[in-house]
Protein chains: 2
Amino acid sequence: MSNALSAIERFSRYPLGESQSVCCPVRDVLDRIGDKWSMLMIMALAMRPHRFGELHRAVHDISKRMLTQTLRDLERDGLITRHVFPTKPPGVEYRLAPLGQSLLEPMAGLIDWADRCYGDIHAARARFDSTHGDASRQASSTRLAGKISTGAHARR
Amino acid sequence: MSNALSAIERFSRYPLGESQSVCCPVRDVLDRIGDKWSMLMIMALAMRPHRFGELHRAVHDISKRMLTQTLRDLERDGLITRHVFPTKPPGVEYRLAPLGQSLLEPMAGLIDWADRCYGDIHAARARFDSTHGDASRQASSTRLAGKISTGAHARR
DNA sequence: CCGCATCCCCAAAGATACTG
DNA sequence: CAGTATCTTTGGGGATGCGG
């Protein structure tokens, strides 16, 4: 844990609030894997290469649009590679690039933590909500409510 | 690395695309620390307790609104604690709860990775952009345009 | 089958002003 | 100082349809 602190200390030599120009590495990483889908993609690809359609089925609640975009971004950053087979109809295979592989370990640490602390977090949430009058619906807001009933946009 | 895979495998017993009801732990974690500010908060608090205003100065480009909200969410999930000193004018101190402390290690792993691979990522980006005709500005659209000229938010 | 483009909408976040 | 309330903006992302 003390070496955890050292890593964090090392980082915080960068000013924490610096969204412009020389962005700190952490923000970069966060913006990359922090979004809704990137990490899921990487995890799927960690197991084996996938075709576009396979990925779509694996993460069934992503739209084709976001799938494409996420994959592009990951490719752009050198985390995954894209192989086109000029068959008919065409097939495209995505797989983890070395850089992406190197991300697996730190990611696994996080996943592990999530798995272990998942329960505690929900317990804390329940406690908080009951303590704080359950009006948390306004206070803590939108995000949470949104997350819960994520069937959302069942509009048209 | 093989144990990294095992963690990921273990996770992927959960269906990867399951944004509703019984959300998988990973999504939960991502939604919590994946957002723009939470991780910064945690890092600041990892060093020492902070008052509200201190946090605001530490991460100068967050709005008071988002600061409050982020802190509330983190508190709700039991990652940080909030102590009110009924002085005049009032003071509020935030500090890492044990649960939050336990997050430091996995987070440090990620930060570490970010630090190491930061350069590779940017190299890959540059390569991709020059290869793909630099028309990536249209192609991959909105987000990338923002990312490319990482001076982005120099709106003011 | 893969992926790009267009349209459109809503939730998330910034700005601003006000309270205890 | 530490928030809260409100108003406005914007851009992320879903739906859909076409092109290779």
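Just the heavy atoms: all of them, side chains too, but no hydrogens, waters or symmetry mates, feed the values below. Here the structure is a predicted model, which is why all the values come from computation and not from measurement. Each chain gets a letter, A, B and so on, in the order its sequence line appears, and its residues count up from 1.
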[X] side-chain proximity, nearest of [options]:
X	options	answer
B:R72	D:dG20, C:dT6, D:dG3	D:dG3
B:V92	C:dT6, D:dG3, C:dC1	D:dG3
B:M66	D:dG20, C:dG14, D:dG3	C:dG14
A:T68	C:dC1, D:dG3, C:dC4	C:dC4
A:P89	D:dA15, C:dC1, D:dG3	C:dC1

Integer-rounded Å distance: [N] [atom2] and [X] [atom1]:
X	N	atom1	atom2	answer
B:R82	D:dC1	CZ	P	16 Å
A:Q69	C:dG3	CD	P	14 Å
A:Y94	C:dC1	OH	P	15 Å
B:F52	D:dT4	CZ	C1'	10 Å
B:L67	D:dA2	CG	C1'	10 Å
A:W37	D:dG14	CH2	P	6 Å
B:H56	D:dA2	NE2	P	11 Å
B:I62	D:dA2	CD1	P	14 Å

**Study point:** Position toward the 5' end of DNA chain D (nearest nucleotide), B:E54 or A:K64
**Key:** B:E54
Practice item. Quick one: label A:F85 by what it contacts on the DNA or RNA (base, sugar-phosphate, nothing), any heavy atom closer than 4.0 Å. Key: nothing
Check your understanding: Just how far is it from atom CH2 of A:W37 to atom OG1 of A:T70, taken to the nearest 0.5 Å?
Key -> 8.0 Å
Exercise for review: Kindly compute the distance separating CZ (A:R82) from CZ (A:R76), expressed to the nearest 0.5 Å.
Suggested key: 15.5 Å
Check your understanding: With a 4.0 Å cut-off, would you call A:E75 and A:R72 a salt bridge?
Key -> yes
Point to revise | A:R32 to A:S38 - nearest heavy-atom pair and separation | key: O-OG, 2.9 Å
Revision key, fill the gap. Contacts of B:V29 meeting side-chain contact (heavy atoms from CB on, under 4.5 Å) (sequence neighbours excluded), chain-then-number -> A:L110, A:W113, A:A114, B:I33
Review point. How far does the helix from C:dC1-D:dG20 to C:dG20-D:dC1 bend, going by the axes of its first and last five pairs, to the nearest 10°?
Key: 50°
Check your understanding: B:R51 side chain N/O closer than 4.0 Å to the phosphate oxygens (OP1, OP2) of D:dA2?
Key -> yes
Review point. When the ring planes of B:H56 and B:F52 are compared, do they come out parallel, tilted or perpendicular, using 30° and 60° as the limits?
Key: perpendicular
Practice item. Return the set of residues passing side-chain hydrogen bond (donor to acceptor under 3.5 Å, both in side chains) with B:R127 (not counting sequence neighbours), or none when no residue passes. Key: none
